[in-house]
2 protein chains.
Amino acid sequence: MRKDFGAKPWIYPEPVLIVATYDENGKPNAMNAAWGGIADDTQVSVCLSPEHKTVKNILASKAFTLSIGDAKNLVACDYVGIASGNNTPNKMEKTGWHFCKAANVNAPLIEELPFTLECKLISYDEKTCRCWGEIINLSVDEKILTADGKIDMQKFEPLIYDPCNHFYYKFGEIAGKAFSDGLKLK
Amino acid sequence: MRKDFGAKPWIYPEPVLIVATYDENGKPNAMNAAWGGIADDTQVSVCLSPEHKTVKNILASKAFTLSIGDAKNLVACDYVGIASGNNTPNKMEKTGWHFCKAANVNAPLIEELPFTLECKLISYDEKTCRCWGEIINLSVDEKILTADGKIDMQKFEPLIYDPCNHFYYKFGEIAGKAFSDGLKLK
């Protein structure tokens with residue numbers, strides 16, 4: 001038997017995306033966005049309602065970074081999704097995060113978050129809340145890389161959001177290898 | 001130190017989305033799509049290139065279901081991302097999956113996959129490969145629910161894709177509760 005939940009915007013896994021921007025004075029801001037991800041081989045899209053300080057900043061700076069929330073930064077990642085840069089002037093100070101300019105776009109890099117897509121604004125549509133960005137570069141802290149330069153999931157510890165129960169999860173065990181070509185199909 | 005990877009379309013976690021459709025004769029098809037997710041509180045978006053059988057089916061039927069790949073169905077979920085419905089007439093038979101009509105849209109429900117968004121087509125853009133769907137209903141198999149009707153993550157076992165290393169992961173331990181209001185911030 002199946003149960004109908006109605007039109008719920010739930011998906012598993014849901015990412016924890018931290019969008020960081022500069023305001024018109026070069027002051028960094030960051031927020032947590034759940035509804036977004038890779039849009040195609042060179043683009044991201046994120047749902048950002050127009051009242052966000054982040055949206056004002058993106059429209060002015062034409063750029064943003066998209067970092068992945070990780071277990072080490074769980075509290076700060078959660079906090080930037082609750083507090084607003086519109087009415088919390090010291091929002092970023094409270095996170096304890098350090099910012100530097102991203103190498104390739106006019107947006108801040110959060111030094112504590114090891115995995116960051118540097119993006120240029122393609123378009124923002126106030127009606128659909130859809131922000132499209134072109135991926136210019138993926139910047140990864142070497143501390144989460146294996147000796148041969150790949151992402152080490154155990155060092156990275158990206159967060160996963162559970163939209164039904166409101167928990168953050170870590171990645172668990174490997175379930176299998178992709179592109180197995182269905183060899184074990186019955 | 002950080003390492004530049006260039007314009008990589010990588011995100012963590014990446015979902016394993018199984019898009020199921022009917023063709024013009026009512027025959028079910030399904031494929032695995034990695035680049036998609038929740039677009040806003042009532043919509044999903046998925047990147048589907050126009051040559052897919054799935055796209056032809058969606059344009060004709062105006063509907064699709066979006067199910068979440070789970071550990072129990074890993075091999076079949078992986079397989080439907082490799083084989084094409086255009087040149088593999090028995091693609092669905094090989095999965096071992098059973099199909100019934102979704103209750104609310106003109107698209108098949110895969111009985112083995114317990115978590116399914118029933119969606120009506122809003123629009124498809126061949127140029128951007130973007131398929132937008134309106135979430136009509138979330139249909140969940142009771143076997144992955146807790147006694148009080150919530151999603152039980154241990155019963156569900158949704159897959160997570162690792163786009164750098166090409167592994168599927170399971171969810172791991174709970175890292176923390178959302179909306180903690182930054183109580184533990186320094």
Side-chain angles (χ1 to χ4, degrees), chain A residues 1-13 15 35 37-42 47 68 71 74-75 78-79 82 94 96 129 135-142 145 150-151 153 158-160 162 164-182 184-186, chain B residues 1-13 15 35 37-42 47 68 71 74-75 78-79 82 94 96 129 135-142 145 150-151 153 158-160 162 164-182 184-186:
Chain A
M1 278 292 292
R2 295 180 79 111
K3 178 179 169 182
D4 290 339
F5 281 75
K8 290 284 183 198
W10 292 353
I11 207 164
Y12 290 86
W35 296 341
I38 301 297
D40 73 12
D41 55 343
T42 60
C47 179
I68 303 298
L74 185 150
V75 175
D78 188 59
Y79 171 74
I82 301 168
K94 289 186 111 174
C129 300
I135 303 168
I136 303 298
N137 181 50
L138 166 62
S139 164
V140 180
D141 197 308
E142 289 177 351
L145 295 179
K150 297 198 168 166
I151 310 291
M153 298 304 294
L159 293 173
I160 310 160
D162 169 356
C164 173
N165 300 298
H166 308 298
F167 281 110
Y168 296 109
Y169 281 80
K170 295 185 188 182
F171 276 52
E173 60 183 299
I174 290 175
K177 184 92 179 109
F179 311 119
S180 67
D181 209 6
K184 291 177 210 159
L185 279 174
K186 289 162 215 157
Chain B
M1 280 289 294
R2 294 179 80 109
K3 178 179 169 183
D4 289 339
F5 280 76
K8 291 283 184 199
W10 293 352
I11 208 164
Y12 289 86
W35 295 343
I38 301 298
D40 73 11
D41 55 343
T42 60
C47 179
I68 304 298
L74 185 150
V75 175
D78 188 60
Y79 171 74
I82 300 168
K94 289 186 111 174
C129 299
I135 303 167
I136 303 299
N137 182 50
L138 166 61
S139 164
V140 180
D141 196 309
E142 288 177 350
L145 295 178
K150 296 198 169 166
I151 310 291
M153 297 304 295
L159 292 174
I160 310 160
D162 169 356
C164 173
N165 300 299
H166 307 296
F167 281 109
Y168 295 110
Y169 281 80
K170 294 185 188 182
F171 276 52
E173 59 184 301
I174 290 175
K177 184 91 179 109
F179 311 120
S180 67
D181 209 5
K184 293 177 207 158
L185 279 174
K186 289 162 212 156

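Each chain gets a letter, A, B and so on, in the order its sequence line appears, and its residues count up from 1. FYI, side chains are in, hydrogens and waters are out, and symmetry mates aren't considered; it's all heavy atoms of this structure. What you are looking at is a predicted structure, and each value in this text was computed from that prediction instead of being measured.
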Taking all atoms of both residues into account, what is the closest heavy-atom pair of P15(B) and P13(A), and its distance?
-> CA-CD, 3.5 Å
Quick one: SG on C47(B) to CD1 on I38(A), what's the gap to the nearest 0.5 Å?
-> 10.0 Å
Any idea which heavy atoms bring L138(A) and K8(B) closest together, and the distance?
-> CD2-CB, 3.9 Å
For chain A, which of T42(B), D162(B), V140(B) has the most heavy-atom pairs under 4.5 Å?
-> V140(B)
Top contributor to chain B interface from C129(A), A71(A), G172(A) [non-hydrogen pairs under 4.5 Å] | G172(A)
Proximal component of L74(A), with respect to chain B [non-hydrogen, under 4.5 Å] | side chain
Counting heavy-atom pairs under 4.5 Å with chain A, the top scorer among L145(B), L159(B), I11(B) is I11(B)
When every non-hydrogen atom of F179(A) is compared with those of I82(B), the smallest separation belongs to CA-CD1, 3.6 Å
Neighbour count >12 (heavy atoms, 6.0 Å) for atom NZ, K150(B) | no
Y12(B) and F171(A) aromatic ring geometry - parallel, tilted or perpendicular at 30°/60° bounds = tilted
Which region of I136(A), side chain (C-beta onward) or backbone (N, CA, C, O), has a non-hydrogen atom less than 4.5 Å from a non-hydrogen atom of chain B, or is it both or neither?
-> backbone
Okay, side chain of N165(B), backbone of I151(A): is any donor-acceptor separation there less than 3.5 Å?
-> yes
What part of P158(B) lies closer than 4.5 angstrom to a heavy atom of chain A: side chain, backbone, both or neither?
-> side chain
If you tally heavy-atom pairs under 4.5 Å against chain A, which of G176(B), G37(B), G96(B) wins?
-> G176(B)
Would you check if the side chain of D78(B) reaches a backbone N or O of A178(A) as a donor-acceptor pair within less than 3.5 Å?
-> no
Which value, rounded to the nearest 0.5 Å, describes the distance between E173(B) atom CD and K170(A) atom NZ?
-> 4.0 Å
Applying side-chain contact (heavy atoms from CB on, under 4.5 Å) to N137(A) and not counting sequence neighbours gives N104(A), E118(A), S139(A), D4(B)
